[in-house]
2 protein chains.
Amino acid sequence: MAMGRPRSFDADKALDEAMEVFWRHGYDGASLAMLTKAMGIKPPSLYAAFGSKEGLLKAALDRYAQRRSAHMHYVLAGPTAREVAVRFLSSIAESHTDPANPPGCLLVQGGLACGEGSENIPFELAARRAQGEAELRERFVQARHDGDLSPEADPAALARFLSTVASGMGVLASSGADREALREVARVSLSAFPKRDASS
Amino acid sequence: MAMGRPRSFDADKALDEAMEVFWRHGYDGASLAMLTKAMGIKPPSLYAAFGSKEGLLKAALDRYAQRRSAHMHYVLAGPTAREVAVRFLSSIAESHTDPANPPGCLLVQGGLACGEGSENIPFELAARRAQGEAELRERFVQARHDGDLSPEADPAALARFLSTVASGMGVLASSGADREALREVARVSLSAFPKRDASS
DNA sequence: AGACTTATCTATCACTCGATACAAAAGTTG
DNA sequence: CAACTTTTGTATCGAGTGATAGATAAGTCT
């Protein structure tokens, strides 16, 4: 049936470059010229592979989530709810100041507010942030079942608190805060987290 | 010497409209067309009054700070460090979900990351956020002097923590979270705050 | 080889961006 | 009123926006 000319660039490699551009400049601030230059391809190749600028962002977000899933798996594997919280905020402090990436969090600075043709980008990013919060919440529900989290504790509230602090750390990191500053925020935040099961 | 034709629009009123546009769409996402339409003036009037799009943003930020100063004054007037923290996060929860304004915080969603000619906008916003944190820090230093905050407490760390949570609440609110959700985050966050002076 | 399918490149599309030139209008001052 | 100063509206500037048309190149399949 004839397979056609094969793609001459590595889509994943190109996505990594696009991700960095979106990360550093946000959706509106990332122009096609910047993206194609960073990806090393021409506009028609970009559109053939990803459909549109928005499609490219979604693909980059998928890849971002994929990168993070490994870390998140480690976080959720913590033996207790509190250890999960410790791991979560610690990994946020490290990843948001990783010199290999732009400072901050793609899901935060990618676009909280956008221009006239991009109204759904903020929704897209919010949905991805909500997913991380949901994973934490489920883990804490499990922890309460297991008994390492007090029955009075509110898994949803704790997950939302941690997710909110993580977003705040993203904002902080985006403005150039160093790793130690984020660690300190993590440390203070953790004193809001239940230390042990008060029941049974 | 002839005073010239007087301005035919209310600059403060126009700034309020511009502020809302920047708030809802971010700096990059706010186009001159949107701004002039919202402000009810034509581009030459805008440029005569504010110099540039960036100048307009800074004027809007000044006005935003002016609005907030009243709230912040009330917050800092809290009798104890802890009460200051309570007032701070409570006022954030209310203001970030005030139906009279776009959800969230102008200083957060105004532009964490911008395009190629706007690199200094994120700096500008970060500086304004840092100012609020500095005010909290100074208040906590004062509280430690006054003895209502333990000598072991770290005013800088506490201020940064609260500021970070506030930013996170801004992110949360921007994605449509309701007031009760923000209040809950505030409540959990406050359990990280020292309850009383452990010394003396 | 030859037919077929898809990717890539050059050039460019229509449109919007932020910002201005120019002339008419509206006020103040002598 | 007449001279002067500043604002306002119309029209538009050059540059950059996201996206595409059409021709060519590079592979696979029979």
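We use all heavy atoms of the structure for the numbers below, so side chains are in, but hydrogens, waters and symmetry mates are not.
Between the CZ atom of A:F50 and the P atom of C:dT8 there is a distance of 10 Å, given to the nearest Å. Atom CD1 in A:I41 sits roughly 21 Å away from atom P in D:dA25 (whole-Å rounding). For B:E54 and C:dG18, the CD to C1' distance is 12 Å, given to the nearest whole Å. Summarising the geometry, the separation between CZ on B:F9 and C1' on C:dG27 is reported as 16 Å, rounded to the nearest angstrom. Distance A:R7 CZ to D:dT28 P: 15 Å, rounded to the nearest Å. A:M39 places its CE atom 13 Å from the P atom of D:dG18, with the value rounded to the nearest Å. What separates CG of B:D28 from C1' of D:dG18 is a distance of 15 Å, to the nearest Å. The NZ-C1' distance, from A:K42 to D:dA23, rounds to 16 Å in whole Å.
Regarding contacts with the backbone of C:dT8, a side-chain N or O of A:S8 is found under 4.0 angstrom from either OP1 or OP2. Between A:S45 and the phosphate of C:dA7, there is no side-chain N or O to OP1/OP2 separation shorter than 4.0 Å. Distances shorter than 4.0 Å separate some side-chain N or O of B:Y47 from OP1 or OP2 on C:dA19. Between B:S31 and C:dT16, a side-chain N or O to OP1/OP2 separation shorter than 4.0 Å is absent.
A:P44 comes within 4.0 angstrom of a base, heavy atoms only.
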- Item | B:V86/B:F193 under side-chain contact (heavy atoms from CB on, under 4.5 Å): CA gap, chis, key distance, verdict | CA-CA 9 Å; B:V86 169; B:F193 207 90; over 6 Å; no
- Message: side-chain contact (heavy atoms from CB on, under 4.5 Å) for A:L125 and A:L112? Distances and angles first, verdict last.
- Response: CA-CA 8 Å; A:L125 295 179; A:L112 294 180; 6.0 Å; no
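Annotation: of the two residues near DNA chain D, B:R5 and A:A33, the 5′-most nearest-nucleotide partner is B:R5.
The shortest non-hydrogen separation linking A:L162 to A:F88 is O-CE2, 3.5 Å. Scanning all heavy atoms of the two residues, the minimum distance from B:E184 to A:A157 falls at CD-CB, 3.6 Å.
B:F161 and A:V171 fall into different hydrophobic clusters, defined by Ile, Leu, Val, Met, Phe, Trp and Tyr side-chain heavy atoms under 4.5 Å apart, directly or through other members.
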